[in-house]
Amino acid sequence: MVNKEKFMTINDVKHVKLVQWVNEIAALTTPDAIVLADGSAAQYDELVNECVEKGLCVRLNEEKKPHSVLFNSDPSDVARVEKRTFIAAKTKDEAGPTNNWIDPVELKKTLTGLYSGCMKGRTMYVIPFSMGPLGSPISKLGVEITDSPYVVINMMIMTRVGVKVLDLLGTDGYFVPCLHSVGKPLAAGETDGGKWPCAPMENKYIAQFPETREIWSFGSGYGGNALLGKKCLALRIASVLARDEGWLAEHMLILKVTNPEGKSRFVTAAFPSACGKTNLAMLIPTIEGWKVETVGDDIAWMKYGADGRLYAINPEAGFFGVAPGTSAKSNKNALIAASKNTIFTNVALTADKDVWWEGIGYDAPGPLTDWHGNEWIQDKSNKEQAPAAHPNSRFTAPANQCPCIAPEWEDPQGVPVSAILFGGRRPSTIPLVHMARNWNHGVFLGSIVGSEVTAATLDVKAGTIRRDPFAMLPFCGYNMGDYFKHWIEVGKAGDADKLPKIFYVNWFRKTAEGKWLWPGYGDNSRVLKWIFECCEGTAKTVDTPIGIMPTVDAIDRPADVSEEDMKELLKVDVDGWLKEVEDIRTNHYPKFGAHLPAELAEMLDTLEANLKAAKN
Ligand code: O2Y
Ligand code: MN
């Protein structure tokens, strides 16, 4: 039991509405105790100790992973649950064609029933948090109520938590209320018995109420479903705030590129989940003299500064990175960031209490305990062997532990953005890089982002493009057609010369035989260099039917990429693009109906006309 005497309590809170809300939720959920998360290291340690004592996590080897723990979740609670995620706007039309919608009144009724008595036998934690540097004009404050100590300690890494946030809130400051429960009340004398508590899938709800700017999450204790500052607030609710207040809340990494002369530029980039955003944000350049540093790996909030440029902040304070595939080769900086003070979830445990996962870069050092808690012995001859770490296993690591964190990463004013990148996994058609002619053309490129479906699933044929506009498909809190319009409006509000240039990149091109054409990882710095030069006005470029492209000698070629490969990577595949136009015209844009901005329909017509002219 957390010793409440040591810490500030809810009775010390001066914010009248906050206290009222806490009391209301306590009356509904009937917890055994209420604890205020004050943000102190002592409270973090006490919560971790409590979890260790209850068998909910394992303390790792103090020499190999100091001050770190490993949690295993329930097998039904391992990732964001998009089918159980709802935008409860007043009308279905406001939620749009890409979101699950439920009437907010109906949903609140259902959830109030589920929340009733749901914290029985548990402690209710009240977490005041800031998304973004404390006091930044771009930051937003939230308060999460949760019955999960796992959520509290993760929020303490991922956001800025505690007394300083209460000071900023004062007696009546605005906060986004975020309500969370794992949905597993305990009967008198019952314990979790060392098992991750959560509710069955049909009772999981990740609900956003855009009109009232509320988040109600029930039944899942995992990641984006439960750490409500991240996807729920910083993207779904923030996208609504951004629309109404004239800024951008985006699923984007932020990085800083510095050239050999010491000039720096900041770049943001949006890729669908699982396209290597964390790796790009932390890449180690393979070109002499260039440097890349990280501001953020997942979310960017961008607002106009007094000088008319767009400034970005990373609203988060940590990385919730996917573990499998993270190795010294793919992302050494992430491994170092997660080498201490880290919470691991669903990775495998070695005999000496270190962590291991598939793609860590070395074989399992003897028998392991897999993420289910069973003994696991690596059998490389068995291609069907179930993985030791869940494919969506995670590390939660403080951002300031990343060796390449940019000195400006917590600048309350944000960093001035020179370039915005969009990309997806496209084995064919989309070239390695091309630049939009102007802002609206860039918005068009963002709106058509997608990845090719590689293996046939029940509902989609292999080879189909699954569109994920702006990589925001699961994260836009309102009608995606209106969101496109908002991007166009933001462009109109700026001075064309000061707006970031927009690029479409594709690291995932393959030959007909399925061989990668581009090595990716650190070699992506070569593309960043061309993008940097475009911003400087010194790049070698050629105007093409699809936009502005590098000449074939404009990008420094890695030793293992032939000139032929480079030509292929930078070719305009006119027939492939005409198919792309057809797919956008028939399958993608019609979804948005009258909400599709005319500017984007015109861009599609222009692209088609350009391609047809090039063909004739
Ligand atoms: O499965 C989850 O709950 C995590 S999803 C996630 C985590 C960190 C960064 N991005 C994502 C994502 O799905 O985009
Ligand atoms: Mn993400």
Side-chain angles (χ1 to χ4, degrees), residues 269 271 275-276 280 286-287 419 421-438 441-442 444-454 462-465 467 501-521 523-534 538-585 588 603-616:
F271 299 90
C275 280
L280 181 65
T286 55
I287 23 173
L421 277 46
F422 295 112
R425 281 181 182 266
R426 297 294 304 268
S428 65
T429 312
I430 312 293
L432 179 62
V433 58
H434 66 294
M435 179 169 69
R437 295 180 207 291
N438 52 46
H441 184 213
F444 169 74
L445 295 179
S447 78
I448 64 167
V449 161
S451 290
E452 188 170 302
V453 177
T454 46
T464 306
I465 310 304
R467 304 277 165 198
K501 295 188 184 303
I502 302 183
F503 299 80
Y504 195 146
V505 298
N506 179 20
W507 319 132
F508 300 98
R509 283 293 298 274
K510 284 184 173 176
T511 62
E513 296 72 41
K515 186 182 140 276
W516 293 115
L517 271 170
W518 182 250
Y521 299 110
D523 284 320
N524 291 337
S525 57
R526 296 163 193 272
V527 178
L528 290 177
K529 174 174 180 268
W530 182 76
I531 288 168
F532 190 111
E533 289 163 356
C534 285
T538 60
K540 287 191 184 174
T541 62
V542 54
D543 201 355
T544 80
I546 61 167
I548 296 155
M549 294 191 60
T551 55
V552 82
D553 61 341
I555 293 179
D556 301 47
R557 220 162 13 94
D560 50 348
V561 175
S562 67
E563 198 178 332
E564 277 312 292
D565 287 347
M566 202 68 199
K567 280 187 186 149
E568 186 59 31
L569 282 161
L570 297 178
K571 185 177 92 181
V572 178
D573 173 0
V574 174
D575 289 329
W577 271 97
L578 280 168
K579 278 195 203 136
E580 189 79 8
V581 168
E582 175 65 14
D583 183 54
I584 296 164
R585 213 182 267 303
H588 182 43
M603 283 290 163
L604 186 61
D605 291 344
T606 307
L607 173 61
E608 186 171 28
N610 289 349
L611 291 163
K612 285 188 171 159
K615 205 170 154 76
N616 295 326

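Note that these values count all heavy atoms, side chains included, but never hydrogens, waters or copies made by symmetry. For this chain, numbers begin at 1 and follow the sequence in order.
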Self-check item: Heavy-atom closest contact (A436 atom, H441 atom, distance)
Solution: CA-ND1, 3.3 Å
Exercise. Please report the C-alpha distance between R585 and E582 in whole Å, then the side-chain angles of each, then the deciding distance to 0.1 Å, and finally whether the salt bridge (Lys or Arg N to Asp or Glu O under 4.0 Å) criterion is met.
Key: CA-CA 5 Å; R585 213 182 267 303; E582 175 65 14; 5.7 Å; no
Self-check item: Worked check of side-chain contact (heavy atoms from CB on, under 4.5 Å) between N610 and T606
Solution: CA-CA 6 Å; N610 289 349; T606 307; 4.0 Å; yes
Quiz prompt | Under the side chain to side chain donor-acceptor pair (under 3.5 Å) test, residues paired with S447 that sit two or more places apart | solution = Y589
Quiz item: Would you say V572 and M549 make side-chain contact, with heavy atoms under 4.5 Å?
Solution: yes
Quiz item: Which atom pair, heavy atoms only, marks the closest approach of P545 to R437?
Solution: O-NH2, 3.5 Å
Exercise. Before giving the answer on side-chain contact (heavy atoms from CB on, under 4.5 Å), spell out for W518 and V527 the whole-Å C-alpha distance, their side-chain angles and the decisive distance to 0.1 Å.
Key: CA-CA 11 Å; W518 182 250; V527 178; 3.8 Å; yes
Quiz item: Within a strict 4.5 Å, meaning less than it, do heavy atoms of the L570 and P550 side chains meet?
Solution: yes
Quiz item: Taking atom CH2 of W516 and atom CZ of R509, what is their separation to the nearest 0.5 Å?
Solution: 11.5 Å
Quiz item: Rounded to the nearest 0.5 Å, how far does OH of Y504 lie from CD1 of I546?
Solution: 10.0 Å
Quiz prompt | Separation between OG1 of T429 and CG of D573, rounded to the nearest 0.5 Å | solution = 5.0 Å
Quiz item: For W577 and I430, what are the C-alpha separation, side-chain angles and deciding distance, and is it a side-chain contact (heavy atoms from CB on, under 4.5 Å)?
Solution: CA-CA 8 Å; W577 271 97; I430 312 293; 3.7 Å; yes
Quiz item: Short question: side chain of S525, backbone of L528 - any donor-acceptor pair under 3.5 Å?
Solution: no
Practice problem: Hey, could you give me the CE/SG distance between M435 and C534, rounded to the nearest 0.5 Å? | Solution: 4.0 Å
Quiz item: Is the shortest side-chain N to carboxylate O distance from E580 to R467 below 4.0 Å?
Solution: yes
Quiz item: Does the side chain of I548 come within less than 4.5 Å of V542's, by heavy atoms?
Solution: no
Practice problem: Using a 4.5 Å cut-off on heavy atoms from C-beta on, say whether the side chain of L569 contacts that of P431. | Solution: no
Quiz item: Atom OG of S562 and atom CD of E568: how far apart are they, to the nearest 0.5 Å?
Solution: 10.0 Å
Quiz item: Is L432 close to M566 at the side-chain level, that is, under 4.5 Å between some pair of heavy atoms?
Solution: yes
Quiz prompt | Closest contact, heavy atoms only, G424 versus N506 | solution = O-OD1, 3.3 Å
Practice problem: For D523 and P519, work out which heavy atoms get closest and say how close. | Solution: OD2-CG, 3.3 Å
Self-check item: Heavy-atom check, side chain of V453 versus side chain of I465, under 4.5 Å
Solution: no
Quiz item: Nearest heavy-atom pair of L611 and V574: which atoms, and what distance?
Solution: O-CG1, 3.6 Å
Quiz item: Any side-chain heavy atom of L280 within less than 4.5 Å of one from F271?
Solution: yes
Quiz item: Which residue, R526, K540, K529, forms the salt bridge (charged side-chain N to carboxylate O under 4.0 Å, His left out) with D556?
Solution: K529
Quiz item: With a cut-off of under 6.0 Å to the ring centre and 45° to the axis, is R425 in cation-pi contact with F508?
Solution: yes
Quiz item: Would you say I448 and F422 make side-chain contact, with heavy atoms under 4.5 Å?
Solution: no
Self-check item: Reported CD1-to-CD1 distance for the pair I555 and I531, which is rounded to 0.5 angstrom
Solution: 8.0 Å
Quiz item: Salt bridge between K615 and D575, side-chain N to carboxylate O under 4.0 Å?
Solution: yes
Practice problem: Report the C-alpha distance between K515 and K510 in whole Å, list the side-chain angles of each, state the deciding distance to 0.1 Å, and finish with yes or no for side-chain contact (heavy atoms from CB on, under 4.5 Å). | Solution: CA-CA 5 Å; K515 186 182 140 276; K510 284 184 173 176; over 6 Å; no
